[in-house]
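Just so you know, residue 1 is the first one in the sequence shown, and it goes up from there. Everything numeric in this text was worked out from a predicted model, so none of it was measured. As the structure lists them, so they are numbered: ligands from 1, and atoms in each ligand from 1.
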Amino acid sequence: MRNKERACDECGIYSEKYALSEGTSQEELLHLIASLNNKNSISGILVQLPLPAHIDEKTIINAISPEKDVDAFHPVNVGKIMVGNYDFVPCTPAGVMELIKESGIDLCGKECVIVGRSNIVGKPQAMLLLHQNGTVTICHSKTVNLAEKTRNADILVAAVGIPNFIKGDMIKKGAVVIDVGINRLENKKLCGDVEFETAEKVAGAITPVPGGVGPMTIAMLMKNTVKAAIVNGTRG
Ligand code: GUN
């Protein structure tokens with residue numbers, strides 16, 4: 001959240017942060033969302049996840065106005081992504097697509113394997129890759145013979161949330177490896193879902209953690225927010 005706030009400052013985007021206590025009730029949070037939905041000077045609303053156990057994530061996401069849903073988590077926006085007609089793209093998958101595009105990687109017909117099936121990354125990532133004519137496989141922690149699938153990937157997106165889960169011997173030589181994982185180890189160091197040291201020896205291109213997908217996610221959030229301001233006419 002600190003980085004998101006800083007990015008807003010750098011882009012000249014006005015932001016308000018509500019650092020609510022863990023004991024905040026669902027009603028209080030819904031009340032705050034309703035007031036921001038109605039506030040014309042606010043273009044975009046983001047509720048940082050995960051939420052405490054006593055708050056229902058779906059209820060909260062559903063309460064955000066789809067026009068201000070710069071995370072693209074609301075079912076209306078999820079549906080729009082599914083059919084390929086969207087204003088907002090979820091920030092992390094959008095960041096991954098931008099990295100692929102800027103690196104000049106052609107996805108047409110390529111084997112794209114995603115490890116992870118979350119609503120935030122895995123599922124929307126599959127749609128975005130599919131829209132670019134990738135041949136998409138979604139794997140997850142229960143996939144049988146996972147390494148067989150990942151070794152088939154021309155583009156491998158790791159978004160499973162398990163530190164160093166993807167090893168070098170699970171990667172095809174020359175594959176593009178995009179590591180979405182951000183895991184904090186016991187020694188406080190950050191690491192991804194890919195074991196970088198072994199993976200970089202076989203990958204054709206690989207993103208580091210930190211410094212790879214993370215900054216792209218924030219850049220895409222800024223893009224969605226600017227888009228929201230234009231679409232909603234809510235420039236304050
Ligand atoms: N928690 C982890 N990633 C995200 C994200 O992209 N958006 C929100 N709102 N919460 C998150």
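- Residue contacts with ligand 1: Pro50 is placed with no nitrogen or oxygen under 3.5 Å of a nitrogen or oxygen of the ligand (distance criterion only).
- Using a 4.5 Å cut-off on side-chain heavy atoms (C-beta onward), Lys223 and Glu98 make contact.
- At a 3.5 angstrom cut-off on N or O pairs, Val47 counts as close to ligand 1.
- Taking 4.5 Å as the limit, every side-chain heavy atom of His131 sits out of range of all side-chain heavy atoms of Met97.
- Met127 and Met216 fall within the same hydrophobic cluster, defined by Ile, Leu, Val, Met, Phe, Trp and Tyr side-chain heavy atoms under 4.5 Å apart, directly or through other members.
- Protein heavy atom closest to atom 6 (O) of ligand 1, with residue, atom name and distance, is Asp71 OD1, 3.8 Å.
- Closest protein heavy atom to atom 11 (C) of ligand 1: Gln48 NE2, 3.6 Å.
- Side-chain contact between Asp179 and Ile206 is absent, with no heavy atoms from C-beta onward closer than 4.5 Å.
- Heavy-atom proximity to Leu46, at under 4.0 Å, picks out these atoms of ligand 1: 9 (N).
- Residue Thr217 has no N or O atom closer than 3.5 Å to an N or O atom of ligand 1.
- Among protein heavy atoms, atom 10 (N) of ligand 1 sits closest to Leu49 N, 3.0 Å.
- With hydrophobic clusters built from ILVMFWY side chains whose heavy atoms lie under 4.5 angstrom apart, Leu49 shares a cluster with Met220.
- A donor-acceptor contact closer than 3.5 angstrom links the side chains of Thr217 and Thr92.
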